[in-house]
Protein chains: 2
Amino acid sequence: MKPNNIRIKDIASMAGVSVGTVDRVLHNRGKVSRDAARRIEKVLNKINYKPNLIAQTLGKNKNYRIVALIPNPALDPYWKQSFDGLKSGEEQLGQFGIHFILEYKYYDPHKKESFQESALKIFHSHPDGVLVAPLFYYASLPFFKKLSETKIPFILFNTHLVEANALSFIGQDLFKSGRLAGELMNIGQQPNSSYAIVHVNEDLSNSVHLVEKEHGFRDYFEKRGDAQRIGTFILNNLKSSAFQNQLESILQMPDLSGVYVSTSKVYLIAQYLKKRNPGVRIIGYDLIKENVSGLQEGHIDFIINQNPMRQAKLGIQSLANYLIFSKQIPSTYLFPLEVITPENVTSYLAHPGNLAGIVV
Amino acid sequence: MKPNNIRIKDIASMAGVSVGTVDRVLHNRGKVSRDAARRIEKVLNKINYKPNLIAQTLGKNKNYRIVALIPNPALDPYWKQSFDGLKSGEEQLGQFGIHFILEYKYYDPHKKESFQESALKIFHSHPDGVLVAPLFYYASLPFFKKLSETKIPFILFNTHLVEANALSFIGQDLFKSGRLAGELMNIGQQPNSSYAIVHVNEDLSNSVHLVEKEHGFRDYFEKRGDAQRIGTFILNNLKSSAFQNQLESILQMPDLSGVYVSTSKVYLIAQYLKKRNPGVRIIGYDLIKENVSGLQEGHIDFIINQNPMRQAKLGIQSLANYLIFSKQIPSTYLFPLEVITPENVTSYLAHPGNLAGIVV
DNA sequence: CGCATAATTGTGCGCGCACACATAATAATA
DNA sequence: TATTATTATGTGTGCGCGCACAATTATGCG
């Protein structure tokens, strides 16, 4: 009838001790005789006790200070979504009476110095936990080393730095993401097609994550043994007159049948390319407003959604699970590679990433 | 610093009354003087009080008896996933100390009498809430009418019966699902292609949901003005020798370039069709084990995932929100139309539909 | 054996809320 | 005005847990 309303009190009476003693065993705070410990263990093995999470939090009125470090959301709608996810998670925890005080720190995604500067400040403020979306590789490792040494728990999202040794990584497998793009690009195409990989406004040497996508994309075609030609382009100076020339040089590729843009910046070039050559299939990332329009107006064929909002929200939830409920959390949490097309895009908009546990 | 730790106690002191009076106003139980009520309202308008959900549940040790009515999970892996979702939701609530006692009732998806019989039993047992995946239309309306009259709250998932007037519907827009299938079918195909819609082992007159998918699929091509030919096939008697003949008759369609199967039963015919004609694109539904293999082995090109597990879980969560937290819940909750391909299928398996709020 | 000290065990309080119940203030009636 | 009704308001308790502290029992040592 009632599956798990076995309380500490019940365990205590079963073992013939008081609740205090059971409590001491559960949290192994010591100060328990071998005899009592043994009796309690025996009961525990039999009944699979699960503490009432609700009651567990009630008493704690400790304030946890968490700092989130992400690229400035004002500079990029993608990071705005991450920010919204953090906000939403914070709010949800508040509803549960969990005093998670989130502080936000931003950095310029093109300046590693700005990352390092913010990181240092965060470290010196001794937070209870840290949430980071790291874009730089070597520039950020010292920060994570410091956090590890000070035993400040931190979770990474969006970009995986294996060496960082984080509590958890939340994001996608970017190599597979590239392969998926390859597959979507290949559907129903002629065997002699050629494709362009485009990185918009990025310094590749700093952006491991984009390189991984590119490898995945190329891997897909290599493994199939087809002999498609694939070219890589790096676009910069978006405002300059040279920008259009760069686009034209892409279109110059013989038998060009598709363009794969490695970030959410796909909207910047989709319309132009599609107008100049309607047969070119365009694939990019993320459901930011501009790309939604791109899909609906036919400039973009596929979007692979990274769901930054839910990534961020899960990040803060995980931190709460770890700090407050002392739950074990998975070392990596890989999100599904969501394929968005003109026909299913609205179904993703109606359903924001913020579903949730009990509340919503 | 601390955003919402305004407690009832605080409101009371602000309004110069006792907590009891505030409580009476919050739950409008009456027995409050106009004067006190006015003062309290004034405070409430100013401070945006949000009750601590944790504390709210703690005291309640009422047991809610919920009955779920779904097709027999032993007969179909799809419904097994729904069942698992219910289980998972039940467990999660248990963790929070919420005494949701879930009872399961099953019916044979091909016999409306079995649905009606179970439904009647449920009604007479006077549960506190009901969760239903209704496959039949007219056969089930009387049940929902009765529930409405007795004010027993019920939530539908999987199939939408608008007239049922449920508390909430959780599922997908099936017409759009059909359109999405059309789009996936159409990518990179020749203009003179023809397609087959296949309903496996279903009585169409009883299955509104499949008809909707078919309409959506046809609508996609009609709206584009292309002149593809589309044929509808209904397959029965899976075990008979006639079955193969039925498949052959599909393959006879001139210029056949794709087969759209309206349910998870796609795995039953994918391999045969693909072997006989590798150029035929196969699209079906749901990530059951057989279809995952189908994708990975190349017999199936696309799966549209309905995520029955998460639908079911959200169903029971919603019921809890409504009954326990007296939250308003949306009248329809439409799930995204997830596109699964051979390349992204593993990313969906690694990430079971059971993410969650705080815990898990 | 008596007393100090350590080791173990038990008890009490508070977290924020809902609800039952006790008390106080007001109105109605004799 | 005294005495009930009636209405309004305040107080107390428990939900399950964690933690501080009190009480008890065992051990050491002169």
Side-chain angles (χ1 to χ4, degrees), chain A residues 2-40 44 47 49-64 93-99 323-327 359, chain B residues 2-40 44 47 49-64 93-99 323-327 359:
Chain A
K2 309 168 188 175
N4 43 326
N5 42 3
I6 310 159
R7 300 150 299 170
I8 288 187
K9 201 200 241 180
D10 300 318
I11 298 175
S13 76
M14 284 188 237
V17 294
S18 78
V19 288
T21 311
V22 177
D23 179 80
R24 254 158 265 148
V25 171
L26 286 174
H27 302 83
N28 43 272
R29 306 194 213 281
K31 293 168 192 258
V32 175
S33 70
R34 321 178 101 265
D35 182 58
R38 209 160 25 76
R39 291 218 306 283
I40 292 169
L44 286 177
I47 54 122
Y49 167 70
K50 281 180 186 164
N52 182 331
L53 293 176
I54 292 218
Q56 217 165 28
T57 25
L58 234 210
K60 310 197 179 187
N61 48 350
K62 174 169 169 23
N63 283 334
Y64 294 88
L93 291 179
Q95 287 257 316
F96 282 94
I98 295 169
H99 303 100
L323 288 172
I324 298 184
F325 299 110
S326 35
K327 289 232 165 204
V359 211
Chain B
K2 311 167 189 178
N4 41 327
N5 44 2
I6 309 157
R7 301 149 299 170
I8 288 186
K9 201 199 240 184
D10 301 317
I11 299 175
S13 78
M14 284 188 236
V17 293
S18 78
V19 288
T21 311
V22 176
D23 179 80
R24 254 158 264 148
V25 171
L26 285 174
H27 301 83
N28 41 272
R29 305 195 215 280
K31 293 170 191 261
V32 175
S33 70
R34 321 178 103 263
D35 182 57
R38 207 158 28 75
R39 290 218 307 283
I40 294 169
L44 287 177
I47 53 122
Y49 167 70
K50 280 181 189 166
N52 183 330
L53 293 176
I54 292 217
Q56 215 165 31
T57 25
L58 236 209
K60 308 197 180 189
N61 49 351
K62 175 168 168 23
N63 284 333
Y64 293 88
L93 292 179
Q95 287 256 316
F96 283 94
I98 294 169
H99 302 100
L323 287 172
I324 297 183
F325 300 110
S326 32
K327 289 230 167 205
V359 219

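None of the values given here were measured: they were computed from a predicted structure.
- The two residues A:A36 and A:V17 come nearest to each other via the heavy atoms CB-CG1, 4.3 Å.
- When every heavy atom of B:I6 is checked against every heavy atom of B:M14, the shortest pair comes out as CG2-CE, 4.1 Å.
- Scanning all heavy atoms of the two residues, the minimum distance from A:I40 to A:A15 falls at CG1-CB, 3.9 Å.
- Where the helix from C:dC1-D:dG30 to C:dA30-D:dT1 starts and where it ends, the local axes point in directions that differ by 70°; five pairs per end, rounded to 10°.
- Residues from residues 18-26 of chain A lying near DNA chain D, meaning a heavy-atom separation below 4.0 Å, are A:D23 in numerical order.
- Considering only heavy atoms from C-beta on, B:T57 stays 4.5 Å or farther from B:F96 through its side chain.
- Nearest to the side-chain atoms of B:Y49 among the listed nucleotides C:dC17, C:dT9, C:dG16 stands C:dC17.
- Distance, A:I6 CD1 to D:dG16 P: 12 Å, rounded to whole Å.
- When each of A:G59 and A:S33 is assigned the nucleotide of DNA chain C bearing its nearest heavy atom, the one mapping closer to the 5' terminus is A:S33.
- The NE2-P distance, from B:H27 to C:dG16, rounds to 16 Å in whole Å.
- Taking 4.5 Å as the limit, some side-chain heavy atom of A:I324 sits within range of a side-chain heavy atom of A:Y64.
- Going from atom CZ of B:F325 over to atom P of C:dC17 covers 13 Å, rounded to whole Å.
- Taking the side-chain contact (heavy atoms from CB on, under 4.5 Å) definition, one finds that B:D35 meets it with B:S33, B:R38, B:R39, sequence neighbours left out.
- As a whole-Å value, the separation of B:R7 CZ from C:dA18 P is 14 Å.
- The residue among B:Q56 and A:K31 whose nearest nucleotide of DNA chain C is located toward the 5' end is A:K31.
- Taking atom CZ on B:R29 and atom C1' on D:dT7, their separation rounds to 17 Å, with Å as the unit.
- Closest approach of A:G97 to B:N52, counting heavy atoms only: CA-ND2, 3.5 Å.
- Rounded to whole Å, atom P of C:dA18 lies 13 Å from atom CD1 of B:I324.
- Rounded to whole angstrom, the span from the CD1 atom of A:I98 across to the C1' atom of C:dC15 amounts to 13 Å.
- Under the side-chain contact (heavy atoms from CB on, under 4.5 Å) criterion, A:R29 pairs with A:D23, A:R24, A:H27, not counting sequence neighbours.
- Heavy-atom minimum distance, B:V25 versus B:A37: CG2-CA, 4.3 Å.
- Across the protein-nucleic acid pair, A:L58 atom CG and C:dA18 atom P stand 12 Å apart, rounded to whole Å.
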